[in-house]
Amino acid sequence: MNLILLAPEEITHDRLARVRDPRRLAHLREVHRARPGDRLTLGVEGGGIGRGELLSLDEHEARFALEEMGQPPPPALPVHLVLALPRPRMLARSLEHVTALGVKRITLLHTRRVEKSYWMSPELAPQKIRTHLVLGLEQARDTRLPEVELAKGFRPFVEDRLPDLLKGRRGLLAHPGMPRACPRGIEDPTLLLVGPEGGFIPWEVERLLEAGCEGIHLGPRILRVETAVTALLSRLF
Ligand code: SAH
């Protein structure tokens, strides 16, 4: 928690912030070892970043006096990430990592090699997803939550959604064995597609290429989804 993210309703009109949830309170005590008088970095969800003086901290509540909160959050990456739905534990970590890296739009996609049971996971509950996004924001000192959408059918996604997503975006399909290497240091708005643990099946690759995506590879090593996503984003942007 390199930044304490405050919901707008946690801030009173006289610039006092009250934090009451057990996760942030425990973090303040155990990791920050915060004491009254300490000045910590705080951010307002969807808004600015600044500092606040800790006025009090006990089991139930931390109170901060906010100073200037006008600093903008770090810039977002110009990417919409389409990620084949990973297994629940990997989903949690992937959401945190990509949020920390600055992704603001995420589509979780069903593909042939995504296990159907993953769609029933409690990790997909909006509140759970939000928790992982918030952890990523706090890690990276960001305040703007990514939007996450679920696409539970591959064919409807390709037919109904993909054409719009590719308007004004460069579609990049990460798939081992594609002829082109992943480009570096691009600035174009991009739609990046990453497959499941078992990879995209050939039929899916054909549909995505047909729709206008460019196939790209990251070299001969097959990486885990969360490593591949991190490597792709850092190399692309
Ligand atoms: N067994 C699968 C690989 C799955 S890895 C196969 O051989 O196709 C999970 C996902 O990470 C892949 O679908 C791809 O999107 C991405 N990925 C991992 N390693 C990659 C590489 N070397 N090049 C391009 N994409 C890669």
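Counting starts at 1 for both ligands and their atoms, in listed order. Here the structure is a predicted model, which means the values were calculated and not measured. Quick note: numbers below take in every heavy atom, side chains included, and nothing from hydrogens, waters or symmetry partners. Positions are given from 1 along the sequence.
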query: For the rings on His217 and His175, is their centre-to-centre separation under 6.0 Å?
result: no
Polar side-chain atom of Ser121 near backbone of Glu123 as donor-acceptor pair, under 3.5 Å: yes
query: Do any nitrogen or oxygen atoms of Ile222 lie less than 3.5 angstrom from nitrogen or oxygen atoms of ligand 1?
result: no
task: For Gly198, counting its heavy atoms only, list the atoms of ligand 1 lying under 4.0 Å from any of them.
output: 1 (N), 2 (C)
- request: May I ask you to list the atoms of ligand 1 that are less than 4.0 angstrom from any heavy atom of Gly199?
  value: 2 (C), 4 (C), 8 (O), 13 (O)
- prompt: Hey, are Glu149 and Thr107 close enough side-chain-wise for a donor-acceptor pair under 3.5 Å?
  reply: yes
statement: Near Gly219 (heavy-atom distance under 4.0 Å), the atoms of ligand 1 are 22 (N)
- prompt: Is there a donor-acceptor pair under 3.5 Å between the side chain of Asp142 and the backbone N or O of Arg144?
  reply: yes
task: Could you tell me which atoms of ligand 1, counted from 1 in the order shown, lie closer than 4.0 angstrom to a heavy atom of Ala228?
output: 11 (O), 16 (C), 17 (N), 18 (C)
field: Under 4.0 Å to a heavy atom of His217 - the qualifying atoms of ligand 1, by number
entry: 23 (N), 24 (C)
query: Side chain, backbone, both or neither: which part of Arg224 comes within less than 4.0 Å of ligand 1 when only heavy atoms are counted?
result: neither
- prompt: In ligand 1, which numbered atoms sit nearer than 4.0 Å to a non-hydrogen atom of Val225?
  reply: 9 (C)
- prompt: Backbone, side chain, both or neither: what part of Met178 comes under 4.0 angstrom of ligand 1, heavy atoms only?
  reply: neither
